[in-house]
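Structure first, commentary second.
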Amino acid sequence: MPRLRFDGWILGVGTTSGTRVVVGHWPRSPFGPLSDVMVQRADGRRVLLAPAREAADFIAATYAFDEVRLVDVTVLRPDDVSWTVAAGPLDLRLRTGGRPPLGRLLHAVPAPLARTPAWVGLLDRPARLLTGLRTTGSAGNGRTEWYGVQDLHTVTDAAARWDGAPLGALAPIRPPVTFGFGSVPPDPGVVRVTTTVRVP
C-alpha cells in the first residue's frame, strides 16, 4: 500500500472564545508546497480551510469535518519566532518561545530516525501514557497515520480573527479537537513533524 509523506510543521492554538485552530504547513507534500487549516468552533463545528480541491478531498477523506471551504491559505514566517496565517475567514498571528522539556527530548532524536514509521510506532504507547496523545493510529477510509515529531516550541502569544471578529486571547486547546484519532497537546505549540499516511 502506498505511503504518502507530509513534511513540515503543525501549529495548534486555542482561544478564549472557544475556537481552536490547527495549521498544517507543508513545504514538502504529495501535492507540492501546501498549507491547510483545521478549525473547531466553540459549538463543536469542524471546518477545513484548504487551497485546492485535490488536497481538500485527501484531507477530508483522512479526517472528519462538518464543512470544507476552498480558500487561499498563506503561511508566512517573517522571522524565526513569528508566524502569520491568512485563510479565508481566518487571520492568525502568533509568536513562539523556547523548547519545553519534551521539545528538548524530541530534538535530541536524529531526524532520519524520528521520521520512520517503525520508530513512531514504538513511541505510541509511551506517548499515550505521558501525554494522552497518540503517534500512530487508524484514520478515515482505512488509512493509517504516523506522526514523526522532531521538535516542539511553545506558543507565547497569539491574535486571531474570524470574519474580522476577534477570537479572544491565547488559551489552552480545550476541549481537544476531534478531527481524527490524533490531536494536539493542550498547551499551544508548534511542532516540527513528518506525517506519513498509508493509503489502502
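- Taking a cutoff of 4.0 Å between a charged side-chain nitrogen and a carboxylate oxygen, D7 and R28 qualify as a salt bridge.
- With salt bridges taken as basic N to acidic carboxylate O contacts below 4.0 Å, none links R41 and D66.
- With rounding to the nearest 0.5 Å, the separation of CG in N141 from OG1 in T62 is 7.5 Å.
- Q40 places a side-chain N or O within donor-acceptor distance of the main-chain N or O of T178, the cut-off being under 3.5 Å.
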- Dump the intermediate steps for side-chain contact (heavy atoms from CB on, under 4.5 Å) on T96 and W83, then the final yes or no. CA-CA 8 Å; T96 61; W83 295 75; 3.9 Å; yes
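- Using a 4.5 Å cut-off on side-chain heavy atoms (C-beta onward), P51 and D72 make no contact.
- Rounding to the nearest 0.5 Å places NE2 of H153 at 11.5 Å from OG1 of T156.
- Under a 3.5 Å cut-off, the side chain of T16 and the backbone N or O of A169 do form a donor-acceptor pair.
- Not one N or O on the side chain of D36 forms a donor-acceptor pair closer than 3.5 Å with the backbone of A50.
- The residues E145 and R143 are annotated as not salt-bridged, no charged nitrogen and carboxylate oxygen being separated by less than 4.0 angstrom.
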- Test W26 against T194 for side-chain contact (heavy atoms from CB on, under 4.5 Å), laying out the working first. CA-CA 9 Å; W26 313 108; T194 300; over 6 Å; no
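- Side-chain contact check for T84 versus L92: every heavy-atom pair is 4.5 Å or farther apart.
- Heavy-atom neighbours of D80 CG from other residues, nucleotides or ligands within 6.0 Å: at or below the threshold of 12.
- For the pair R46 and Y63, the cation-pi criterion (under 6.0 Å, within 45° of the ring axis) is not fulfilled.
- Figure legend: R198 and W146 shown without cation-pi pairing, the cationic atom not lying both under 6.0 angstrom from the six-membered ring centre and within 45 degrees of its axis.
- Between atom CG of residue L49 and atom CG of residue L90 there is a gap of 6.5 Å, rounded to the nearest 0.5 Å.
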- Message: Between D157 and L170, does the side-chain contact (heavy atoms from CB on, under 4.5 Å) criterion hold? Intermediate values first, please.
- Response: CA-CA 6 Å; D157 185 57; L170 181 68; 5.6 Å; no
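- The backbone N or O of H25 sits nowhere less than 3.5 Å from a side-chain atom of S35 that would complete a donor-acceptor pair.
- No donor-acceptor pair under 3.5 Å is formed between the side chain of S82 and the backbone N or O of R95.
- Distance CG/L48 to CD1/I59: 5.5 Å, rounded to 0.5 Å.
- Screening V21, T74, V37 for a side chain to side chain contact (heavy atoms under 4.5 Å, CB included) with V85, the sole residue that qualifies is V37.
- Note: R53 CZ to L70 CG = 4.5 Å, rounded to the nearest 0.5 Å.
- Taking 4.5 Å as the limit, some side-chain heavy atom of L4 sits within range of a side-chain heavy atom of F58.
- Remark: the backbone N or O of L113 is paired with a side-chain donor or acceptor of T116 at under 3.5 angstrom.
- With contacts defined as side-chain heavy-atom distances shorter than 4.5 Å, the pair D124/L122 does not qualify.
- Between I10 and V23 the shortest side-chain heavy-atom distance does not fall below 4.5 Å.
- A cation-pi contact, defined as under 6.0 Å to the ring centre and within 45° of the axis, links R77 to W9.
- Rounding to the nearest 0.5 Å places CG of D151 at 7.5 Å from CG of L106.
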- Please step through side-chain contact (heavy atoms from CB on, under 4.5 Å) for the pair V177 and M38, ending with a clear verdict. CA-CA 9 Å; V177 292; M38 304 179 191; over 6 Å; no
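- With hydrogens and angles ignored, the 3.5 Å screen pairs a side-chain donor or acceptor of T15 with a backbone N or O of T19.
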